[in-house]
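Here is the structure we will look at.
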Amino acid sequence: MSDHSEEPNKPVEESLLPIDEHVEEIQDAEGRKVRHRGIYLLPNLFTTANLFAGFFSIINAVNGNFYVAAATVFVAMVLDSLDGRVARLTNTQSAFGAEYDSLSDMVAFGLAPAVLAYEWALSELNNVGLTVAFIYVACAALRLARFNTQIGKVDKRWFIGLASPAAAGVVAGSVWAIWALDEPGIGGADLPLVVVMLFALVVAAAGLLMVSNIKYYSFKDLDLKGRVPFVAILVVVLVFAVVFSDPPRILLLIFLAYAVSGPVQYLMQLRRRRTRVES
């Protein structure tokens, strides 16, 4: 899609369509204000697919198709990882795309996991379960809002707080792994109360980790375009083989390990500081 720029003070022509034309005002290399009309199609297609995946997950959770609802959250993660990379590779980044991506993430990784968790098990706890689900939704919204304000101000190698896709992976992965046991279709009504309460703690913890100040490695400094040793592709093949051998449990273990890595690293840093002070 072509990107038309205009002179700084030139008025924007009104569209004949009953929909306002999107106009972004940025600064060029010389510091002059330049207006760009329209949006980039390719990266926003992936973002729209991510939004639909979140919506589709919510619909399936409400209808009791928990297996599909949980798996769709992971599909949304793949789509979410693609839109940003496509935008960077094709130089089609924009403020509109960043805001649209955040709103899509709120649906796919905020609302969808919370609705899935509530419909699957938390509803058995009545108002307590509703409160836990809302805590997760609120923390996801706060985490995304904070992330948007920190762009360009923090080290891109680290996330401040657990990323919302990773938190969604913990919640949806828990549902998917338990549902995929030897007796598929197991739900909150079939689970012991202690298991439901433990799941509620996991959901609440995932939400609180999103708004914490604990740092998580972002993997954004990995060079995916450069040359790597031949053995690297063998490792990738083995990783795919392990994941596809038992997707629900392996994915859950991966996201749990990532979620725990932040607090573990934080505690290790505190221990090192205390050791230095005492010495």
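Predicted, not measured: the structure shown is a model, and the values here were computed from it. Residue numbers count from 1 along this sequence.
The closest side-chain heavy-atom distance from Ile178 to Leu191 is below 4.5 Å. Put simply, the side chain of Gln265 does not reach to within 4.5 Å of the side chain of Tyr216, judged on heavy atoms. Side-chain contact check for Thr131 versus Leu125: every heavy-atom pair is 4.5 Å or farther apart. In this structure, Pro248 and Asp246 have side chains that are in contact, with non-hydrogen atoms separated by less than 4.5 Å.
Atom-to-atom distance recorded for Ser212:OG and Arg143:CZ is 9.0 Å, nearest 0.5 angstrom. For the atom pair CG of Leu45 and CG of Leu79, the computed distance is 11.0 Å after rounding to the nearest 0.5 Å. Here the CG-SG distance, from Leu209 to Cys139, works out to 9.5 Å after rounding to the nearest 0.5 Å. Taken to the nearest 0.5 Å, the CG atom of Asp105 stands 10.5 Å off from the CE atom of Met77. If you take CG on Asn44 and CG on Leu51, they are separated by 11.5 Å, rounding to the nearest 0.5 Å.
Under a hydrophobic clustering in which Ile, Leu, Val, Met, Phe, Trp and Tyr are joined whenever their side-chain heavy atoms come within less than 4.5 Å, directly or via other members, Val68 and Phe74 fall into different clusters. Tracing side-chain contacts under 4.5 Å through hydrophobic residues (I, L, V, M, F, W, Y), one never reaches Phe240 starting from Val237; they form parts of separate clusters. Both Val128 and Val202 sit in one connected hydrophobic cluster of ILVMFWY residues. Membership requires side-chain heavy atoms under 4.5 Å apart, directly or through other members. Leu130 and Leu116 end up in the same hydrophobic cluster when Ile, Leu, Val, Met, Phe, Trp and Tyr side chains are linked at under 4.5 Å. Hydrophobic clustering of Ile, Leu, Val, Met, Phe, Trp and Tyr side chains at less than 4.5 Å, counting indirect connections, unites Val243 with Trp176.
Every residue two or more places apart in sequence or in another chain was checked for a side chain to side chain donor-acceptor pair (under 3.5 Å) with Thr72, and none qualifies. Residues passing the side chain to side chain donor-acceptor pair (under 3.5 Å) test with Tyr258: none are found, sequence neighbours excluded.
Among all heavy-atom pairs drawn from Phe199 and Val171, the shortest one is CE1-O, 4.1 Å. Minimum heavy-atom separation, Ala61 to Val115: CB-CG1, 4.2 Å. When all heavy atoms of Ser164 and Phe109 are compared, the pair lying nearest together is O-CB, 3.6 Å. Summarising the geometry of Val73 relative to Ser57, their closest heavy-atom pair is CG2-OG, 3.5 Å, with the distance given to 0.1 Å. Val203 and Tyr136 make their closest contact through O-CD1, 3.7 Å (heavy atoms, listed as atom of the first residue, atom of the second, distance). Pairing each heavy atom of Val170 with each of Leu252, the nearest pair is O-CD1, 3.8 Å.
Using cut-offs of 30° and 60° for the angle between ring planes, the Trp158 and Tyr217 rings count as perpendicular.
Other members of the hydrophobic cluster containing Val264, listed by chain and number, are Val260, Met268; membership follows side-chain contacts under 4.5 Å among ILVMFWY residues, whether direct or relayed.
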### Query
Going through the distances and angles, do Asp83 and Asp101 end up as a side chain to side chain contact (heavy atoms under 4.5 Å, CB included)?
CA-CA 8 Å; Asp83 61 2; Asp101 180 65; 2.6 Å; yes
### Task
Give the intermediate values and the outcome of side chain to side chain contact (heavy atoms under 4.5 Å, CB included) for residues Phe255 and Leu162.
CA-CA 11 Å; Phe255 282 101; Leu162 183 63; over 6 Å; no
### Query
When you look at Val194 and Leu198, which way does the side chain to side chain contact (heavy atoms under 4.5 Å, CB included) test go after all the steps?
CA-CA 6 Å; Val194 64; Leu198 181 61; 5.7 Å; no
### Step-by-step side chain to side chain contact (heavy atoms under 4.5 Å, CB included) determination, Asn148 to Glu99
CA-CA 8 Å; Asn148 288 343; Glu99 296 299 328; 4.1 Å; yes
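A donor-acceptor distance shorter than 3.5 angstrom exists from the side chain of Asn63 to the backbone of Ile59, with no hydrogens or angles considered. Between the side chain of Tyr118 and the backbone N or O of Gly129, no donor-acceptor pair lies under 3.5 Å.
For Asn50 and Ser104, the side-chain atoms include no donor-acceptor pair closer than 3.5 Å.
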